[in-house]
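Notes to accompany the following structure.
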Amino acid sequence: MEKIEAVLKEERVFQPSEDFRQAARIRRLEDYEALYRESLQEPEKFWSRVASELHWFKPWDKVLEWNPPNAKWFIGGQLNLSYNCLDRHLATRGNKAAIIFEGEPGDSRILTYQQLHREVSKFANVLKGLGVRKGDRVTIYLPMIPEAAIAMLACVRIGAVHSVVFGGFSASALADRINDAQAKVLITADGGWRRGNVVPLKVNSDEALADAKSVEQVVVVRRTGHEVPMERGRDHWYHELMASASPDCPPEPMDAEDPLFILYTSGSTGKPKGVLHTTGGYSVYTYLTAQYIFDLKESDTYFCTADVGWITGHSYVVYGLLQNGATTLMYEGAPNTPDEGRIWSIIEKYSVSILYTAPTAIRAFMKWGEQWPLKYNLSSLRLLGSVGEPINPEAWFWYYKVIGKERCPIVDTWWQTETGGIMITTLPGVHPMKPGHAGKPFFGVQPEIVDTSGQPVNNPDEGGHLIIQKPWPSMLRTVWGDPERFERQYFSQYPGNYFTGDGARRDEDGYYLILGRVDDVLNVSGHRLGTMEVESALVSHPAVAEAAVVGRPDPIKGEGIVAFVTLKTGFSPSAELAQELKAHVVKAIGAIARPDEIRLTDALPKTRSGKIMRRLLRQVASGEEIKGDTSTLEDRGVVERLKSTPAQ
Ligand code: WTA
């Protein structure tokens, strides 16, 4: 196999402080090891014990049934995730803050568990009133405001399956996702605030609904207060429906394997996949991971900067945290509005104790300079987390020193939309940290590194494909509407094992270092984008004949997008056309997919069998020397011509 170069040799090791260790939930390596062993050898015993900390209407008969690729967890059990997030805490934490909200313009709101329970119950009744029944799909297209969490929990309460679509996606991406899920109701807002501008969510929704006919009713949250068109009979204001809703809504007992939510993510083909998670396993796994990995204490204030439109927002803004009765902070806007100190000012204002963010954000903070965090009192922080892409050691050190003052452990958490919860990380009170290494498998997770023939790679300097050998409770159950794709995508390469799509290597201490995607998926600012998705968007433009998209290392975003495009006859390359194509991609997918660079060329490098040689394109895109075999190229001159085409 083509070996994955081990890109990083980082030898320094950092210990959690003695103070942190002393107070941690798990503080001895032997305890981690004993629990880990038990979780693999006696998964029934381990997971039963965890699951019984939650509320079940009916206990499960059997913990696990595994017929690869199909796993069933807590079979026969009945529960409701909104009950475990809300009702379960009312007696002991009714007046504790569940959600602290900070809006971009500076407005703020605090919802206690009791208030959140009331809002969720009312909105659940609103949804019922709009005809939503158990099993129906509801699409949520909202900014990072409490109503996003309320809408998610309200769906869960009545057994409706939510599909949250990130507010940064375009109308056309929203329409695709509504159509795929055949959602009956759409919940959106007039707009959201982003860098002082209004994100036109309702306008986008209207445009999407012209092509998405399954939606019968639309609920609109008033957030920005600007004028938006409302269609009679279809569109309803949230606050008007809520005014008369009853606060009494008993949660629907759900079977452990009943669908919980769908979340779309990019794969190596053009069409996003609807990753389906189910109720029991997802609840149990996010509950336990949040508790141990963030070492949650009753007094913590936890701030995750992810949007609820991503899996991190689902598992570690909302569900994992609320199930633990924690206080979770939601921030609506950009990290540099009104200035580059915003995140640090929020931490000071609310005495945040745990911060969970992404390497791309950390690299932006570094660029803005340490004068911003130094202006604020960050002494409330006790634990830091990173997620979404490999963290480069420079960013790790900066985070550790400037933000954590060498006092706060960092958990570098590797996981995916499909895994539902964190899979590989250090436990903050137990494991020494190695910058750039995610760390050890969490309980119940059995990773392996294999070569393309499926043989384990045991040499610590050699990379391979990262697979997971056993099912874990929050494993995706299928791709919505496409079980065949589920099997092909995740279980066909290494039958019986889950293939992550990532490359990794494992050192002498059993620490995993993630090398990044090995498939055609880009990681731009911690967001997954399929090269095919961007290519399909480009090819849908009338001037484009063919497009090939590759990633290129980017100091802030991790990866930038470079598109090589050939034009149809009758069109000639120009800077204006390149700009138009970028705008076209933004319209088709959203601003996160905007190519950084477009090269309008007369031909793409292909093999004689017609396959585009992406390896060469990646080298051209990053300005590297062209290495490796080019003898299979059909037209040898094409590479030279590509190098000389202007980047626009
Ligand atoms: C990457 C985000 C290195 C990885 C939770 C994975 C990471 C993809 C890390 C999933 C990490 C996530 N270190 N790489 N700590 N966390 N990744 O589905 O390539 O949006 O496959 O889930 O992000 O992205 P997704």
Side-chain angles (χ1 to χ4, degrees), residues 4 7-8 10 164 166 168-169 262-268 272-277 282 285-286 289-290 293 304-317 319-320 356-363 384-393 395-396 399 410-426 433-442 445 447 463 465-468 474-476 479 489-490 498-506 511-531 533 551 557-559 592:
I4 301 162
V7 286
L8 201 142
E10 180 51 62
V164 183
F166 173 53
F169 277 125
I262 302 168
L263 184 59
Y264 287 87
T265 190
S266 297
S268 38
K273 294 174 289 210
V275 166
L276 180 76
H277 284 290
Y282 177 87
Y285 195 77
T286 52
T289 46
I293 298 165
C304 167
T305 61
D307 191 281
V308 288
W310 309 113
I311 191 68
T312 308
H314 283 58
S315 302
Y316 302 113
V317 173
Y319 295 126
Y356 191 34
T357 191
T360 184
I362 298 168
R363 290 190 298 264
L384 304 174
S386 171
V387 59
E389 56 181 311
I391 180 164
N392 34 317
W396 194 98
Y399 199 28
I410 295 179
V411 286
D412 175 0
T413 61
W414 175 85
W415 58 298
Q416 309 177 296
T417 306
E418 293 88 340
T419 68
I422 297 168
M423 302 288 278
I424 298 180
T425 177
T426 50
M433 296 158 268
K434 300 185 189 185
H437 293 67
K440 301 282 251 184
F442 189 73
V445 175
H465 288 175
L466 179 64
I467 63 169
I468 311 291
S474 62
M475 184 177 95
L476 83 162
V479 170
Q489 182 84 40
Y490 303 105
Y498 169 82
F499 176 45
T500 62
D502 278 338
R505 81 189 159 80
R506 184 178 52 218
Y511 275 52
Y512 286 81
L513 181 142
I514 310 297
L515 298 161
R517 304 290 308 192
V518 294
D519 51 11
D520 290 325
V521 174
L522 305 176
N523 193 327
V524 180
S525 300
H527 299 143
R528 275 168 68 170
L529 280 172
T531 50
E533 273 173 89
K557 299 198 285 186
E559 237 175 342
I592 49 171

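Counting starts at 1 for both ligands and their atoms, following the listed order.
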Modelled atom types, side-chain donor and acceptor of Ser315 and Tyr282, under 3.5 Å: yes
Residue contacts for ligand 1, heavy atom to ligand atom, distance under 4.0 Å: Ile311, Thr312, Val387, Gly388, Glu389, Pro390, Asp412, Thr413, Trp414, Trp415, Gln416, Thr417, Asp502, Ile514, Arg517, Asn523, Arg528
For Glu559, all residues meeting salt bridge (charged side-chain N to carboxylate O under 4.0 Å, His left out), sequence neighbours excluded: none
Polar side chain donor-acceptor pair, Trp414 to Asp502, under 3.5 angstrom: yes
Partner residues of Trp415 under the ring-ring contact (aromatic ring centres under 6.0 Å, His included) criterion, sequence neighbours left out: Tyr316
Shortest non-hydrogen contact between Gly516 and Pro390, atoms and distance: N-CG, 4.4 Å
Residues which pass side-chain hydrogen bond (donor to acceptor under 3.5 Å, both in side chains) with Gln416, listed by chain and number, not counting sequence neighbours: Tyr498
